[in-house]
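Values below: all heavy atoms of this structure, side chains included; hydrogens, waters and symmetry mates excluded. Numbering of ligands and ligand atoms starts at 1, following listing order.
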Amino acid sequence: MEDLKSLKIRGVGPITINKLIEYGYSPELIAVTPAWQISRETGIPVDKVELIAERIREDMGIGDELMTAKEYYEMRKSMEKISTGCKALDNLLLGGIETGSITEFIGEYGAGKTQICHQLSVMVQLPRELGGLEAKAIYLDTEGTFRPERIVQIAKYRGLDPDRALDNILYGRVYNTDHQILMVRNLFSIVKKENVKLVIVDSLISHFRSEYPGRENLAMRQQLLNSHVHDLLKLAMLHKVAVVVTNQVVSSPDVFFGNPLKPAGGNVVAHGCTYRIWIRKSKNKRIAKVIDSPCMPEMEVVFSITENGIEDL
Ligand code: ATP
Ligand code: MG
């Protein structure tokens, strides 16, 4: 199905359809979002949403039947990896950043999260034999720290034409949480049209934290963040793109032993992100470590940030 406007269902008029569009819902997103959630957000009665979603799923051939573990295994094998351009980091990630999942880079100021995002938006463009997917990247920048000049440097080092490398990155500056949520929803149709294999949100959390400060806003913030992370996960799985997000660390005052720092966003982010990499700065090198992974070894690797981007030490 191309767009919602071409949908003809008895009892569903243009007002309903326009409302869905206004809230950033594409057919794909409606197909995979709980009807009650869409209903609560848009005010459209839940039975009407169900009717629409059912029709879309029918058209898209999305069923609710089970699959065998073997089929699931085959599907997982079709997931591809984007090399980080750094052997140590690739080893840590069992080959690179995976499509179909969310990978989260966590760290303090200056840890190198944004640098990794720049590097990946170049790496995804490389031919497969060099670790890329010959595809475009989308870069959602919430902090205004994206630097095209940096892309030029990294692209040159990787043997890409800098102008083409810049053309292959679709950039969006994100101004607030509403904007961020809507932009991600709009990506469902963009990713389908363009050859995009990487979506970056740098940073996932910053707007949520500044717009919903303090304990009194925590429940609301976590609820919004939860639905946003799920949108990203759906985007990753449905369109087989790699989603990369960055996250800050916060200090938890109640920790007396061990590391008082923890990733922001709590359980909502922890559960939504498949791979979580913690980066810390140590003199002139960076140390990366996987945290809470279902299938990766707990180990640490080192790398450096240079003029050329992210490199092995
Ligand atoms: P924040 O939480 O503030 O967003 P971050 O984890 O995104 O931090 P980055 O902006 O990725 O941090 O890292 C900045 C660091 O990267 C700089 O402090 C510097 O050490 C390094 N860096 C940036 N550009 C270059 C360069 N051209 N050559 C060498 N190192 C660089
Ligand atoms: Mg940054």
| Distance under 6.0 Å and angle within 45° of ring axis: R185 vs Y23 | no

| query | Can you tell me if CZ on R128 sees more than 12 non-hydrogen neighbours from other groups inside 6.0 Å? | reply | yes

Would you check whether [X] reaches within less than 4.0 Å of ligand 1, judged by its heavy atoms?
X: T145; answer: no
X: G112; answer: yes
X: E307; answer: yes
X: R286; answer: yes

| query | Considering only heavy atoms of E143, which atoms of ligand 1 have at least one such atom less than 4.0 Å away? | reply | 4 (O)

| Residue part near ligand 1, for T306, under 4.0 Å between non-hydrogen atoms | backbone

| Where does Q248 meet ligand 1, judged by heavy-atom distances below 4.0 Å: at the side chain, the backbone, both, or neither? | neither

| query | What residues form a side chain to side chain contact (heavy atoms under 4.5 Å, CB included) with T177, not counting sequence neighbours? | reply | H207, F208, E211, Y212

| Nitrogen or oxygen atoms of T114 and ligand 1 under 3.5 Å apart | yes

| query | Does any N/O atom on K281 come nearer than 3.5 Å to any N/O atom on ligand 1? | reply | no

| query | Quick check: does Q115 put an N/O/S atom under 2.8 Å from the Mg ion (ligand 2)? | reply | no

| field | Option from F105, Y157, Y171, F146 for which ring-ring contact (aromatic ring centres under 6.0 Å, His included) with H118 holds | value | F146

